Amino acid sequence: MIEITFPDGSKKTFNAGVTPEDIARDIAEGLRKKTVAAYLDEELYDLNRPIERSGSIRLITKDDEEAFEILNHSTAHLLAQAVKRLYPDARFGVGPAIDEGFYYDIATESTIKEEDLPRIEAEMRRIIKEQVPIEREVVKPEEARRRFADDPYKLEMIEAFDEEEPITIYKQGEFVDLCRGGHVGNTRHIKHFKLLSVAGAYWRGDSSREMLQRIYGTSWFTKEGLDQYLELRRERKERDHRKLGKELKIFMIDEKAGKGLPIWLPNGYTVRRVLEDYVYRLERKAGYLHLSTPVLGTQQLYEISGHFQHYRDDMFPVIEDEDENFVLRPMSCPHHALVFDSELRSYRELPLRYAEIVTQHRYEASGALTGLERVRAMTLTDAHIFARKDQIKEEVLKAYRLIQQAINDLGLEIEYVELALRDADKEKFHPDDELWDEAEQVMHELLDEAGIEYESKRGEAAFYGPKIDIQVRTALGHVITMSTVQLDFLLPERFELTYVDKGGERRRPVLIHRGLVSTWERLMSILLEQYKGAFPVWLAPIQARLIPVNADVHGETVQALHERFIDRGLRSEVDLREEKLGYKIRDAQTQKIPYQLVIGDKEQENDQITYRRYGSKEEVTLTTDAFLEMLEQEIRDKH
RNA sequence: GCCGGAAUAGCUCAGCUGGUAGAGCAACUGACUUGUAAUCAGUAGGUCACGGGUUCGAAUCCUGUUUCCGGCACCA
């Protein structure tokens, strides 16, 4: 007999060999139906795995997040089994559950095309009907090696395992897979799934190794869940910034001008100017000093900083001159280091915060280019803070708070915060262990002291130091780096930067790199998707469109009103076209202009306007002054 | 860069197995002179991404290139 403790502290004895399914059934039949797997203490148990020891149990039901993962993981196995039946030569890489579903990496001589997916799905359904039990087995490494003797990928994975750890394999019918589990116990538990796409993926994520074929899919407990998810995917396409950017004339990319080299159209540039102005003021208030440096720099400058050696392949080719080589600058910290070095600095001056709205060029891999999200020419507000060591914590935190405010003002949300640290890769990171330890230590401390939650990521640091990356999620579901604060002890060394301290001694400052809200390009892509193209008034390219009921009768009034708006710094536009009112309203709505103002006899007589907000059918009549006040308040509030 | 897919009018898209390109919107012209999501009629607009090939004949089949899309790798 074994004793099982439940989350509420109650205990019950069962015969050894009882399964989580049995335990759930013992409580209630309804619970059994909902149960997917269980944790016994910290160990994940499949629904049908016998429990041989006492412990605390926590049943995982369909409502729990882990359940989705387990279901999708099992569906990945089901996919593999079906693929193996249809493509007998198939060998398998990894097949995990991911955020919104699962994938499996497959090696086969055949090319699996999107049009083959329905056939694979049909085979998966057949296996579900067969009600194949999914059985767990623990084996010794040599046994595992024997079982997977004809599968080079699984063998390689076995080699990478810790020899001490027991290896688990899962059998479902004729299909056997190396896998940690847990699983749903029987293929009949899988019901509502869909295969979504095929793609290439490097074996072990290593671009020097072969590419496998990856099939993506998603699996749900209910039909509604699946349908809702598929609907979400359709909606995401609707808010794709590339589509909205074209519709709203925000930007264009023409291969004649160059791929990855976007052109800002008047509407987009207006928004960008608002953002630039906003950021400039924000930084002024926070004590940043703005400056400007050239788009071209000598190769030597980037050799001193070390960027050239590290990133040469990702920079545009060197421009050769008679006795000097130039590069299109990929970043601006070396210039700012020179500015710091241009005068003798006192400890009293620090921190010195230099900010610059700067255009940078990076030769991004062609396959990485994506609308405005990933480009080869980008403009951003870049800042470098030169500080004393005793100022690090405060300055990093100040930068973090500024980022928080900007993200908040823009109506965005931080998804999570990452602390990127180095790993043992000697090639990738500068070699001074002492500097690294000190820098990483102080970053951990300041985040902990400020109570900021973060995930540590080994091996993700910049070559010169650790960084705090602030991640946001795009409407298309990608997580991307929005902002960054990076601690750098290396560059001040390389540029031999010094200041004079209290005792008259020369000291090395530290450099804090700060990216506020990514580049204007990427920010625009995020904002477009966030707002579905319907910008808040403070950002909208056109804030109000003025429409006369009759162009002949009310045209002049509308024109005068427009000038009044412009004089107050507002962005308005008049529509004097010979069209029906309904047509003009529709046109303004289609362009997602926040306010449509209609002026007819009544308004003309009383200095009024009748407005209609984007997305609303309600009409409100106000005096022009009252409306202007309302609009200006809304702009101040950044709504 | 790598794997797979796609490319037809300014935009969104149709064009079956090869027979020589079409719709809606936008544009232009004219009429209508308007109170909250499309007034009516007409006109013009295409090296079917680009190059080569197969064929009596290619948007359609084959092939190379370019760009874009979905991923992977990369992201100072």
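The chains referred to below are lettered A, B, ... by the order of the sequence lines, with proteins before strands, and numbering in each begins at 1. Nothing here was measured: the structure is a model prediction, and the numbers come from that model.
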Give me the one residue out of [options] that meets ring-ring contact (aromatic ring centres under 6.0 Å, His included) with [X].
| X | options | answer |
| --- | --- | --- |
| His513(A) | Phe489(A), Tyr354(A), Tyr464(A), Phe386(A) | Tyr464(A) |
| Phe92(A) | Trp203(A), Tyr104(A), Tyr87(A) | Tyr104(A) |
| Tyr595(A) | Phe627(A), Tyr614(A), Phe565(A) | Phe627(A) |

What contact category does [X] fall into here, base, sugar-phosphate, or nothing, at under 4.0 angstrom with non-hydrogen atoms?
| X | answer |
| --- | --- |
| Gly306(A) | nothing |
| Tyr103(A) | nothing |
| Ala199(A) | base |
| Lys243(A) | nothing |

Checklist entry - Are side-chain heavy atoms of Leu79(A) and Tyr103(A) found at a separation under 4.5 Å? => result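 Not touching, per the 4.5 Å side-chain cut-off.
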
Item to check | Beyond-backbone contact of Thr610(A) with Val620(A), side-chain heavy atoms, under 4.5 angstrom | outcome: no

Between [N] ([atom2]) and [X] ([atom1]): distance, integer Å:
| X | N | atom1 | atom2 | value |
| --- | --- | --- | --- | --- |
| Glu210(A) | A73(B) | CD | P | 14 Å |
| Ile253(A) | C68(B) | CD1 | C1' | 10 Å |
| Leu511(A) | A76(B) | CG | P | 15 Å |
| Lys237(A) | U12(B) | NZ | C1' | 15 Å |
| Met378(A) | A76(B) | CE | P | 11 Å |
| Met211(A) | G5(B) | CE | P | 14 Å |
| Asp99(A) | G71(B) | CG | C1' | 16 Å |
| Asp314(A) | A73(B) | CG | C1' | 12 Å |

Checklist entry - In residues 484-491 of chain A, what residues come within less than 4.0 Å of RNA chain B, judged by heavy atoms? => result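 Nucleic-acid contacts, sorted: Gln486(A).
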
Next on the checklist: Any residue in residues 104-121 of chain A with a heavy atom nearer than 4.0 angstrom to RNA chain B? Just list them by number, or reply none.
Outcome noted: Thr111(A), Lys113(A)

Checklist entry - Between Gln608(A) and Thr624(A), does any side-chain donor sit less than 3.5 Å from a side-chain acceptor? => result no

Checklist entry - Does the side chain of Gln591(A) pick up a donor-acceptor pair with the side chain of Arg545(A) at under 3.5 Å? => result yes

Checklist entry - Taking the side chain of Tyr216(A) as its heavy atoms from C-beta onward, which of C72(B), C75(B), G70(B) lies nearest to it? => result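 Nearest nucleotide to the side chain: C72(B).
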
Checklist entry - Between C74(B), G70(B), U12(B), which one does the side chain of Ala368(A) approach most closely? => result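 Of the options given, the side chain of Ala368(A) lies nearest C74(B).
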
Checklist outcome for this item: In 5'-to-3' order, the base (B), backbone-only (S) or no-contact (-) status of each nucleotide in nucleotides 33-39 of chain B, using a 4.0 angstrom heavy-atom cut-off, is BBBBBBB

Check whether any side-chain N or O of [X] sits under 4.0 Å from OP1 or OP2 of [N], and answer yes or no.
| X | N | value |
| --- | --- | --- |
| Lys246(A) | G10(B) | no |
| Ser207(A) | C2(B) | no |
| Arg362(A) | A76(B) | no |

Checklist entry - Measuring from Arg612(A):CZ to Glu618(A):CD, what's the distance to the nearest 0.5 Å? => result 10.5 Å

Between N or O atoms, less than 3.5 Å apart, protein on one side and nucleotides 60-67 of chain B on the other: list the pairs.
| residue | atom | partner | partner atom | Å |
| --- | --- | --- | --- | --- |
| U66(B) | O2' | Glu255(A) | OE1 | 2.9 |
| U67(B) | OP1 | Lys259(A) | NZ | 2.8 |

Checklist outcome for this item: Symbol by symbol from the 5' end, with Watson-Crick or G-U pairs under 3.5 Å, [ ] crossing and | another strand, RNA chain B is (((((((..((((.....[..)))).(((((.......))))).....(((((..]....))))))))))))....

Next on the checklist: Using atom C1' in both nucleotides, what's the gap between A58(B) and G1(B) to the nearest angstrom?
Outcome noted: 34 Å

Checklist entry - Among all residues two or more places apart in sequence or in another chain, which pass the salt bridge (charged side-chain N to carboxylate O under 4.0 Å, His left out) test with Asp469(A)? => result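 Counting only residues at least two positions away or on another chain, Asp469(A) forms a salt bridge (charged side-chain N to carboxylate O under 4.0 Å, His left out) with Lys467(A).
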
